Chemist: 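Supplied in structure tokens, the structure appears directly below.
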Amino acid sequence: MIIYKNDLLGFQNDVDSNMIADLVESSFLSKIGRRIALNEKRAITNSMQFMESIVRKADLSETCGVQLEYMIPTTSKRIDFMIAGKDGQGNKNFVIVELKQWDKKIEATRKDGIVKTPYHYEDPHPSYQAYAYKSFLMDFHEDIYNGRLKPFSCAYLHNYRRNHPEPLEYVTYEKLVKDTPIYFKDDYEKLQKFLNKHVRYGSGEEILYEIEKGKIRPSKKLIDYVTGMFEGNSEFTLLDKQKLAYETALDIAKNSKQATAVIIKGGPGTGKSVISVNLLGALLKEKLNPLFVAPNAAFREVIIDKLAQNHSKTRLRNIFSGSSSFTDMEKNAYDVIIVDEAHRLKNQKAFMYQGENQVKDILNAGRTAIFFIDDDQVIRPEDIGSVAELKKRAKEYGMNVREMELSVQFRCSGAEGYVNWLNNTLHIKDTANYDGWESEDFEFKIFEDPNKLREAILEKDRQNFNSRILAGYAWSWTSHKKGNPDADVDDIVILEHDFSMPWNSRKVGSTWAIDEEGVHQAGCIHTSQGLEFDYVGVIVGNDLCFDPDKMEFYADWKSYKDSAGKSGLKEKPEELKALIKNIYKVLMSRAHMGCYVYFVDKEAEKYFKTRLNIETETAETIDLFDNPNGRAYIDMLPFYTLEAACGAFGESVSAEPSGWIKIHTGKTLSRDMFVTRVKGNSMEPLIYDGDYCMFRKYGGGSRSGKIVLVQSSDIEDPETGGQYTVKKYTSEKEIPNDETWRHTRILLKPLNPEFEPIVFDKREIEDFKIIAEFIAKI
């Protein structure tokens, strides 16, 4: 799409009359339906004054053609400046010029075609941007890849003075700059010669027309280039049900007479990405015009890296895209759009997205849209990708809908039971086969010390397993401005274990998962979703905790540090909890061979251990002092056996403590407190067999819902066999005619669902005594 087009003389007049930016904005408004930003309009005015001076002194024909803000077909990318004309041999040429306002020194990076700027942390090298535009047209524009039109490219930094040495010309970028020269403030004569060489003799209007009207189809060279990458690449081999889904989707894309949305559902590791990448190659072979969309930049870059291996990635990136670039795209611009991780498609609240609904954008832009999706991997409020949303929007566009589901687990060593167990344990959804899986298939281990978890992951890395540490977003991320450009600050700190480590490097960015230093940094959900490792170590922060009384998880809004992820959810705890549980489900299902976990919240750790049938460590021994030495009820409490406690605190019978215990809970102590050791497993995961617990003598008042120590001659506790027990108190009441309520039934409920409540009816209640209320474990 052409926003502005004129011959050279007309362009010069528009610049001289100071109308050029207004004309561009007016055309943009009529063709795109919105205005350009004020800073962009100022940049156009400024840059075009420089370009007008360049072309006026370059001795070019007035019939050369000029295009500004040319929107590359089937994309939302815009070329700053393009000039067309013939050279001395009569070739139809055009030159792409990438313009930059930069005036401060730029730094080189070790990344291909990427520089560090003082304006944004990292940006493509200006020559790379112009080269990438040219590369796209050479791969997709029929008249260009057939040689009827010849493209050239360069970059012009009209405010930037060359440094000595100049980072933008470092050897890192030597090959790039040789193909697409870069010109600085004092290089205007060199740029004039470059333009004169290629477009001096004009006739540009015809060339611009052919650029605009040419057919957009992938070239044979591109098809051979991409499909050749699959040969011998075992990472993209299709297995079992993957093959069926692939062939079905391919057949629809090739042969369907009506626009169709294909929805392929599957949990972690079911092979969605393998199918999607294979479809891209097959559709190119069929000479269709496909695009691969991945909303998560980290996932997209790793897929490109795995596919390209030792090949150049520039051409490959032309058929991969993020999800926010379809807002202004014409209908059915692509034959097929493949969307992996479709659950991450956004609404209008997404950062930098200028549209309303990315699902609608994609359905409009592709005649066939193939979505790979898992409803249980939504992690932010703006994530709107769901099966229901896809079907609703497809219906609005009058499209056919075809659904398929992948159920076989290829990640987690084929341990489908593990993923079912994880869904059930995190209370995401009830599943069959939730009791576990064969441990030899997949290793799941809980660490009580994060340092030991880290060492286990480092050991796996030393053994050449692809291993990473991941963490929930429960720690703030120090900004680049505050001295954290390259994982320089240990943001993840767990003081009680003297543990600290940094978040993944900003400098490495989207490719952290495959960077050799990545094992020493913690990845977050945004740099790991959709990716696969051999082993992962997951640090679960205080953003997700467990309430043993209610036997349910809860989310801590303050502890969850992703500001975009919790936006608008402060008063919606259930929605926030659902997103955070999804995050940890994703993190814990990234590995093929094993997942190691550390929980900051110890109640969550205990709960997970009960689901694994792991005995929780209890205090086998504890220091008992014969005498408190003046510290009684200051930081020491008396210790009684259960029998003695019920005697001393229940019947006013003299009972001597067995000793005194030092208390480290930080709670204020009083003379009605004591310590006893609880027996049995009925109160797991709050209290485990052998735990030392603090109690306070019951002094009356409501006890509903509290954990209490009870004595009755009618009790025959199934675990202790005695006349005392520790349980959660509930009761039923009646109000007879005298309007004074009385108990009709008392229930002492265990927290462990494997045990039955102890029930007291009217006749037994008289013998029933509450001795004390539970305070805490020590």
Side-chain angles (χ1 to χ4, degrees), residues 427 546-552 603 606-607 609-611 613 615-616 618-619 639-653 655 658 672-736 740-778:
H427 302 177
F546 190 78
D547 183 337
D549 289 338
K550 296 181 179 179
M551 289 298 288
E552 64 183 36
E603 297 300 340
K606 290 173 184 175
Y607 174 67
K609 283 183 174 180
T610 65
R611 295 304 311 277
N613 297 317
E615 291 289 336
T616 301
T618 58
F639 171 72
Y640 295 90
T641 64
L642 276 173
E643 298 92 331
C646 290
F649 287 88
E651 299 290 347
S652 298
V653 176
S658 300
D672 57 358
M673 293 181 180
F674 64 96
V675 176
T676 189
R677 195 174 188 188
V678 176
K679 301 177 182 179
N681 307 106
S682 65
M683 295 304 287
E684 293 180 1
L686 176 64
I687 302 170
Y688 290 83
D689 184 29
D691 277 347
Y692 289 81
C693 299
M694 290 171 57
F695 287 85
R696 179 186 286 110
K697 179 182 177 182
Y698 176 64
S702 174
R703 58 265 189 149
S704 180
K706 293 181 178 179
I707 307 298
V708 293
L709 169 60
V710 173
Q711 181 182 32
S712 172
S713 60
D714 292 319
I715 293 178
E716 289 187 8
D717 187 282
E719 295 186 280
T720 67
Q723 296 181 349
Y724 44 82
T725 189
V726 177
K727 295 289 185 289
K728 182 177 180 178
Y729 179 97
T730 61
S731 67
E732 297 174 0
K733 303 180 181 70
E734 67 177 10
I735 303 177
T740 59
W741 64 264
R742 65 190 64 159
H743 288 298
T744 60
R745 197 166 70 141
I746 292 174
L747 284 80
L748 301 180
K749 293 185 176 181
L751 298 183
N752 188 334
E754 295 183 5
F755 291 82
E756 296 293 328
I758 299 173
V759 181
F760 293 86
D761 61 22
K762 286 182 180 180
R763 290 176 291 103
E764 299 167 320
I765 287 174
E766 290 183 6
D767 186 49
F768 175 91
K769 295 184 184 300
I770 295 179
I771 304 301
E773 298 174 13
F774 170 77
I775 302 172
K777 293 192 301 185
I778 62 171

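Treat the numbers as computed from the prediction; the structure is a model and nothing was measured.
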Chemist: Could you walk me through whether M683 and F755 pass side-chain contact (heavy atoms from CB on, under 4.5 Å), step by step?
Modeler: CA-CA 9 Å; M683 295 304 287; F755 291 82; over 6 Å; no
Chemist: Does F774 have any ring pair (Phe, Tyr, Trp, His ring centres under 6.0 Å) partners at least two apart in sequence or in another chain, and if so, which?
Modeler: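 By the ring pair (Phe, Tyr, Trp, His ring centres under 6.0 Å) rule, F774 matches F695.
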Chemist: Please evaluate residues V710 and K727 with respect to the criterion side-chain contact (heavy atoms from CB on, under 4.5 Å), reporting the C-alpha separation (whole Å), side-chain torsions for both, the decisive distance (0.1 Å), and the verdict.
Modeler: CA-CA 8 Å; V710 173; K727 295 289 185 289; over 6 Å; no
Chemist: Heavy atoms only: give me the nearest P750-S682 pair and the separation to one decimal.
Modeler: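 Looks like CB-O, 3.3 Å.
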Chemist: If the condition is side-chain contact (heavy atoms from CB on, under 4.5 Å), which residues does Y698 pass it with, not counting sequence neighbours?
Modeler: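 side-chain contact (heavy atoms from CB on, under 4.5 Å) list for Y698, sorted by chain: R703, I770, E773.
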Chemist: Enter the distance from I707:CD1 to L751:CG here, rounded to the nearest 0.5 Å.
Modeler: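 Atom-to-atom, I707:CD1 and L751:CG are 5.0 Å apart.
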Chemist: CD1 of I778 to CZ of F639: how many Å apart, nearest 0.5 Å?
Modeler: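 Reported value, rounded in 0.5 Å steps: 8.5 Å.
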Chemist: Could you walk me through whether L748 and K728 pass the side-chain contact (heavy atoms from CB on, under 4.5 Å) check?
Modeler: CA-CA 5 Å; L748 301 180; K728 182 177 180 178; over 6 Å; no
Chemist: Give me the one residue out of D691, V678, I771 that meets side-chain contact (heavy atoms from CB on, under 4.5 Å) with V726.
Modeler: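 Of D691, V678, I771, side-chain contact (heavy atoms from CB on, under 4.5 Å) with V726 is met by V678 alone.
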Chemist: Just by distance, do the side chain of N752 and the backbone of E754 share a donor-acceptor pair under 3.5 Å?
Modeler: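 A pair under 3.5 Å: yes.
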Chemist: Say you draw a straight line from NE2 of H427 to CE of M551; how long is it, rounded to the nearest 0.5 Å?
Modeler: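 H427 NE2 to M551 CE: 6.5 Å, rounded to 0.5 Å.
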Chemist: To the nearest 0.5 angstrom, please state how far the CG atom of N681 sits from the CG atom of D689.
Modeler: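 Rounded to the nearest 0.5 Å, the CG-CG separation comes out at 5.0 Å.
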Chemist: If we only count heavy atoms from C-beta on, is the Y724 to T676 side-chain gap below 4.5 Å?
Modeler: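 Y724 does not reach T676 side chain to side chain.
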Chemist: Just checking K749: does its NZ atom have more than 12 heavy atoms from other residues, nucleotides or ligands closer to it than 6.0 angstrom?
Modeler: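 No, the 6.0 Å shell around NZ holds no more than 12 heavy atoms from other groups.
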Chemist: Heavy atoms, side chains only, cut-off 4.5 Å: are R696 and F674 in contact?
Modeler: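 A side-chain contact is absent here, since even the closest heavy-atom pair is not under 4.5 Å.
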Chemist: May I ask you to decide if L686's main-chain N or O and K777's side chain share a donor-acceptor pair within less than 3.5 Å?
Modeler: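 Flag set: sc K777 to bb L686 pair under 3.5 Å.
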Chemist: Please report the closest heavy-atom contact between P548 and E603, naming both atoms and the distance.
Modeler: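 Result for this residue pair: CG-OE1, 3.8 Å.
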